[in-house]
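Notes follow the structure.
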2 protein chains.
Amino acid sequence: MSGTGEAAPRATYRHGDLRAALLAAGIELARDGGPSAVVLREATRRAGVSPNAAYRHFTDRQALLGAVSDAAQALVADAMEEEIRRASRAPGDDAAARAHARLRAVGTGYLRFARAEPGLFHAAFSVPTALGTSDSPSKAGSGGRTPYQLLTDALDALASAGELPPDRRPHAEFLAWSSVHGLATLMIDGPLRGLPAELVAGVEQRLLDMVAKGL
Amino acid sequence: MSGTGEAAPRATYRHGDLRAALLAAGIELARDGGPSAVVLREATRRAGVSPNAAYRHFTDRQALLGAVSDAAQALVADAMEEEIRRASRAPGDDAAARAHARLRAVGTGYLRFARAEPGLFHAAFSVPTALGTSDSPSKAGSGGRTPYQLLTDALDALASAGELPPDRRPHAEFLAWSSVHGLATLMIDGPLRGLPAELVAGVEQRLLDMVAKGL
DNA sequence: TAGATTTGTGAACGGCGTCAACATAGCGGG
DNA sequence: CCCGCTATGTTGACGCCGTTCACAAATCTA
């Protein structure tokens with residue numbers, strides 16, 4: 001029954017790059033609808049292929065979701081790096097100020113992405129993956145670094161600049177990450193969802209202040 | 001438990017209190033499995049009733065999930081209040097120290113509950129509800145206060161004790177909540193899931209330190 | 001060129017949420 | 001005391017989902 005009805009029928013029996021097509025469809029589904037909207041059958045439908053074809057490229061729906069999650073994390077990394085670039089264009093004060101600006105940029109990028117792409121953000125970080133895989137290249141943005149690595153780098157720089165005592169450096173990423181991640185999730189699908197837009201920026205700034213001051 | 005026949009057919013045509021039975025089943029399902037495990041058909045099965053009977057008491061699966069979420073928040077409130085009691089049993093230093101201990105207890109209760117009941121925790125706060133309903137009595141614990149109210153109270157006390165400058169009091173709940181909530185979610189179903197047990201307590205303490213210091 | 005391997009298809013199964021039509025229990029009013 | 005009304009539960013069906021199995025076509029390789 002394939003062919004006439006749905007999307008344009010393929011010329012060849014083989015698809016060409018079905019895996020990539022399914023992943024792209026999955027990303028699109030996650031973009032509007034979050035992880036639960038990543039539906040195998042719909043992804044295959046968009047790729048113009050029968051439902052079972054997906055199983056030649058992903059063992060599971062879960063596996064597809066994992067690939068979507070990785071891709072979403074790469075986009076988060078891109079957002080962070082863009083924010084870092086923006087921050088570093090500012091006139092260079094001393095090293096300490098620059099280190100603080102960089103950490104803040106990391107957080108800002110994270111929050112900006114969550115606001116701009118709530119579905120993808122949710123897909124990126126609510127799919128269970130071990131911390132050990134946080135450095136996996138599949139999660140890296142175009143700069144080659146993952147979100148977790150960008151955070152770690154920023155904290156290292158902060159420590160190097162003497163703005164973070166060495167005894168407080170270990171696991172500092174957990175503290176910073178938690179705060180920013182919590183705000184992001186509360187704002188996009190938690191009880192803070194309806195927060196008036198003019199409050200959002202202020203709360204975000206204050207949160208980043210709190211982290212910088214309390215770390 | 002009056003006549004809780006799981007598979008046993010009911011004696012009477014009427015169930016008695018089906019709404020409560022469905023809610024109880026839903027809570028149990030959420031407890032092991034999180035919100036996505038709250039399945040209408042399974043809840044009715046456990047109540048010994050046909051699937052559609054649920055629609056006499058909940059308009060939707062979503063409505064049942066909402067009720068489960070409220071119940072879970074009430075349990076969070078209980079965990080917080082217990083921690084507050086524990087903290088207030090300590091010899092009373094000055095008012096400032098007691099205010100700090102109380103805020104810390106609120107956070108500790110939240111984190112303890114998340115660790116002890118990850119499924120219910122997830123159900124409590126990842127079901128979208130507006131901030132305006134955070135004071136709804138359906139979310140209150142046995143002490144009559146919701147988690148959000150307990151946090152607000154603790155921050156008020158901190159401000160009264162002069163430990164939080166008045167200009168930083170507004171919206172401070174968002175900052176504190178975000179940090180603790182973020183750590184909880186990252187630890188129970190995020191990338192921090194596998195965190196070694198001996199690290200957990202330390203990270204939690206440091207996070208609470210950070211909040212107290214940075215607020 | 002023939003056989004092996006990869007990749008996509010078709011049909012089917014059980015589970016889900018939900019709707020529509022029906023049936024009974026138990027109440028209040030005549 | 002009966003009668004009908006409403007609240008509550010049942011049966012059956014629909015369309016969606018993920019997943020499995022057996023099969024067919026395309027491509028690779030020997």
Side-chain angles (χ1 to χ4, degrees), chain A residues 1-26 28-30 32-69 119 123 127-128, chain B residues 2-26 28-30 32-69 123 127-128:
Chain A
M1 284 304 157
S2 70
T4 61
E6 22 218 70
R10 284 189 316 288
T12 69
Y13 184 78
R14 302 298 225 245
H15 178 282
D17 195 353
L18 182 51
R19 188 194 157 88
L22 290 173
L23 180 52
E28 215 50 40
L29 288 171
D32 38 64
S36 70
V38 177
V39 167
L40 255 188
R41 290 181 104 107
E42 176 62 19
T44 58
R45 224 171 279 135
R46 296 192 180 192
V49 124
S50 91
N52 298 330
Y55 289 88
R56 299 295 177 193
H57 301 275
F58 298 96
T59 71
D60 238 14
R61 169 183 182 267
Q62 206 55 227
L64 171 59
L65 199 51
V68 170
S69 166
V127 173
Chain B
S2 56
T4 61
E6 273 101 8
R10 280 191 320 291
T12 69
Y13 186 77
R14 302 298 225 241
H15 178 283
D17 196 353
L18 183 52
R19 188 193 157 89
L22 290 172
L23 180 52
E28 214 49 40
L29 289 171
D32 40 63
S36 71
V38 178
V39 167
L40 254 188
R41 290 180 102 107
E42 176 61 19
T44 57
R45 221 172 281 134
R46 296 193 179 192
V49 125
S50 90
N52 294 328
Y55 288 90
R56 299 295 177 191
H57 302 274
F58 299 95
T59 71
D60 238 11
R61 169 183 183 268
Q62 206 54 228
L64 171 58
L65 200 51
V68 170
S69 166
V127 173

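Atoms considered below: every heavy atom in the structure, side chains included; atoms not considered: hydrogens, waters and symmetry mates. First the proteins, then the strands, lettered A, B, ... as listed; each starts at 1.
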Any heavy-atom pair between the side chains of A/Ser50 and A/Thr44 that's under 4.5 Å?
no
Result for 5'-nearest mapping on DNA chain D, choosing between A/Arg56 and A/Glu42, is A/Glu42
Using a cut-off of less than 4.0 Å, is there contact between a side-chain N or O of [X] and OP1 or OP2 of [N]?
X	N	result
A/Tyr55	D/dT19	yes
B/Arg45	C/dC16	yes
A/Arg61	D/dG18	yes
A/His15	D/dA26	no

Between the main-chain N or O of B/Val38 and the side-chain N or O of B/Arg61, is there a donor-acceptor pair closer than 3.5 Å?
yes
Steps toward side-chain contact (heavy atoms from CB on, under 4.5 Å) verdict (A/Tyr55, A/Leu40):
CA-CA 9 Å; A/Tyr55 289 88; A/Leu40 255 188; 3.5 Å; yes
Do the side chain of B/Asn52 and the base of C/dG17 come within less than 3.5 angstrom through a donor-acceptor pair of N or O atoms?
no
With a 3.5 Å cut-off and just heavy-atom distances, do the side chain of A/Arg14 and the base of C/dG8 make a donor-acceptor pair?
no
Of the candidates C/dT7, C/dA12, D/dT8, the side chain of B/His57 sits closest to D/dT8
Side chain of B/Leu40 (C-beta onward), nearest among C/dC16, C/dT7, C/dT18:
C/dT18
Distance check, rounded to the nearest 0.5 Å: B/Arg19 atom CZ versus B/Leu64 atom CG?
8.5 Å
Between A/Pro51 and A/Arg41, whichever has its closest DNA chain C nucleotide further toward 5' is A/Pro51
